2 protein chains.
Amino acid sequence: MTPRGTGHRAAPEHTHPDDVPVLTALAALADPVRLTLVRELAGSPEWTRACGSFDVPVGKPALSHHFSVLRGAGLVEQRDEGARRVNRLRRAEFDARFPGLLELVLRADPLD
Amino acid sequence: MTPRGTGHRAAPEHTHPDDVPVLTALAALADPVRLTLVRELAGSPEWTRACGSFDVPVGKPALSHHFSVLRGAGLVEQRDEGARRVNRLRRAEFDARFPGLLELVLRADPLD
DNA sequence: CCCAGTGTTCGATGAAAACCATACACTCGC
DNA sequence: GCGAGTGTATGGTTTTCATCGAACACTGGG
């Protein structure tokens with residue numbers, strides 16, 4: 001009895017921004033790697049960026065973890081497209097929950 | 001030669017919000033104790049609250065450290081008044097640098 | 001059916017941060 | 001000048017978090 005897979009990949013768990021505490025949202029954005037992910041994502045059309053397509057200086061496991069945090073903060077939605085997992089920034093929903101926060105974080109910052 | 005004190009207390013170092021990176025501001029607010037301090041401070045008149053007058057479950061050294069972080073993030077201004085160090089939330093200045101962020105964080109939150 | 005590509009899980013490691021107890025410095029009232 | 005009150009500095013402990021290496025699971029193409 002060799003253990004087998006399920007034949008399909010588990011759909012990623014998402015948290016709606018409405019269910020996200022402020023502290024969680026702030027903590028999610030208070031990391032340089034995740035901030036880069038969010039910003040790059042904001043500059044691309046929805047569902048066009050796979051997880052591995054981002055220019056961040058971390059390995060695959062760390063990257064996977066960061067996306068998990070972003071999902072848990074209601075910032076990112078993911079969908080499986082063949083072998084790749086493509087992403088979308090939850091602009092409107094997140095902005096409804098935390099008005100102005102995304103805009104603030106996406107603004108070109110003179111200091112970094 | 002017994003080492004003596006200076007006869008006066010060192011004035012606390014402040015950072016103007018304009019010189020604060022977004023990541024620093026987010027990290028400063030992404031802590032439950034500091035969030036409480038900021039919120040309680042927002043609910044009191046300026047220069048009326050000494051450091052020790054806040055209802056947070058940490059000892060004095062930790063509290064002192066948290067205020068240091070808040071100063072470094074341009075969130076709090078401090079002034080010595082006799083033996084006590086009184087505080088003021090830098091509402092206008094911080095809001096000019098990060099519009100909407102303070103308002104967002106001070107809003108009564110259904111989730112926490 | 002194999003294999004390269006993509007992403008997650010697990011366990012461990014290292015760094016950062018929060019925290020405390022103690023000790024110190026200053027201010028004020030007595 | 002004492003002693004209580006207030007805040008900071010120091011040193012060390014604990015916890016948290018970002019990261020990696022290795023192993024695993026799934027997809028799609030040859």
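Excluded from the calculations below are hydrogen atoms, water molecules and symmetry mates; all remaining heavy atoms, backbone and side chain alike, are included. Just so you know, these numbers come straight off a predicted model, no measurement behind them.
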A.B. asks: From C/dT6, D/dT19, C/dC20, pick the nucleotide closest to the side chain of B/Ala62?
C.D. replies: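 Closest nucleotide among those given: C/dC20.
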A.B. asks: I need the CG-C1' distance between A/Leu63 and D/dG21, as an integer number of Å.
C.D. replies: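 Result: 16 Å.
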A.B. asks: From the set C/dG7, D/dT8, C/dA18, return the single nucleotide nearest to any side-chain atom of B/Arg34.
C.D. replies: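 Given the options C/dG7, D/dT8, C/dA18, the side chain of B/Arg34 is closest to C/dA18.
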A.B. asks: Should the pair A/Arg88-A/Glu81 be classified as a salt bridge under the 4.0 Å nitrogen-to-oxygen rule?
C.D. replies: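 Result for this pair is no, no salt bridge flagged.
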A.B. asks: Taking the side chain as every heavy atom from C-beta outward, state whether B/Leu106 and B/Val38 have any atom pair closer than 4.5 Å.
C.D. replies: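 Sidechains of B/Val38 and B/Leu106: in contact.
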A.B. asks: As a test of reading the structure: which of D/dG7, D/dA18, C/dG7 is closest to the side chain of A/Asp31, going by heavy atoms?
C.D. replies: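 Taking heavy atoms from C-beta onward, the closest nucleotide is D/dA18.
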A.B. asks: Whole angstrom is fine here: how far is it from CG in A/Leu23 over to C1' in C/dA18?
C.D. replies: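 Value for this atom pair: 15 Å.
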A.B. asks: Mapping B/His65 and B/Lys60 to their closest nucleotides on DNA chain C, which lands nearer the 5' end?
C.D. replies: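 On the 5' side of the pair lies B/His65.
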A.B. asks: Just the rounded figure in Å: distance from P of C/dT8 to CZ of A/Arg84.
C.D. replies: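 About 13 Å, once rounded to whole Å.
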A.B. asks: Please tell me which of the listed nucleotides, D/dG7, D/dC26, D/dA18, lies nearest to the side chain of A/Arg9?
C.D. replies: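 Out of D/dG7, D/dC26, D/dA18, the nucleotide with an atom closest to A/Arg9's side chain is D/dC26.
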A.B. asks: Would you kindly compare A/Glu81 and A/Val69 by the position of their nearest DNA chain D nucleotide and give the one closer to the 5′ end?
C.D. replies: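 Nearer the 5' end of the strand: A/Val69.
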A.B. asks: From the set C/dG7, C/dA18, D/dG7, return the single nucleotide nearest to any side-chain atom of B/His66.
C.D. replies: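 So the nucleotide nearest the side chain must be C/dA18.
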A.B. asks: In whole angstrom, give the distance that lies between atom CG of B/Leu26 and atom P of C/dA17.
C.D. replies: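 It is 14 Å, rounded to the nearest whole Å.
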A.B. asks: Out of C/dA21, C/dT6, D/dG7, which has the shortest distance to the side chain of B/Pro61?
C.D. replies: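 Closest of the options to the side chain of B/Pro61: C/dA21.
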A.B. asks: Round to the nearest Å and state the distance from B/Phe67 atom CZ to C/dC19 atom C1'.
C.D. replies: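 These atoms are roughly 16 Å apart.
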A.B. asks: Answer yes when B/Glu77 and B/Arg79 have at least one side-chain N-carboxylate O distance shorter than 4.0 Å, and no when they do not.
C.D. replies: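 Looking at B/Glu77 and B/Arg79, the cut-off is not met.
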A.B. asks: Identify whether any heavy atom of B/Asp80 sits under 4.0 Å from a base atom; if not, whether one sits that close to sugar-phosphate; answer base, sugar-phosphate or nothing.
C.D. replies: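 Nothing, no heavy atom under 4.0 Å.
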A.B. asks: Heavy atoms from C-beta onward define the side chain here; which of D/dG7, C/dT27, C/dC19 lies closest to that of B/Val33?
C.D. replies: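 Among D/dG7, C/dT27, C/dC19, the one nearest the side chain of B/Val33 is C/dC19.
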A.B. asks: Which pair of heavy atoms, one from B/Ala108 and one from B/Pro110, lies closest together, and at what distance?
C.D. replies: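 It is O-CD, 3.6 Å.
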A.B. asks: Can you check the A/Leu70 CG to D/dA18 C1' distance for me, whole Å?
C.D. replies: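 That distance rounds to 14 Å.
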A.B. asks: Shortest non-hydrogen contact from B/Arg97 to B/Pro21?
C.D. replies: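 That closest heavy-atom pairing would be NH2-CA, 4.2 Å.
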A.B. asks: Counting only side-chain nitrogens and oxygens, does B/Arg85 get under 4.0 Å of the OP1 or OP2 atom of D/dT8?
C.D. replies: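 It does, given that an N or O in the side chain of B/Arg85 lies less than 4.0 Å from OP1 or OP2 of D/dT8.
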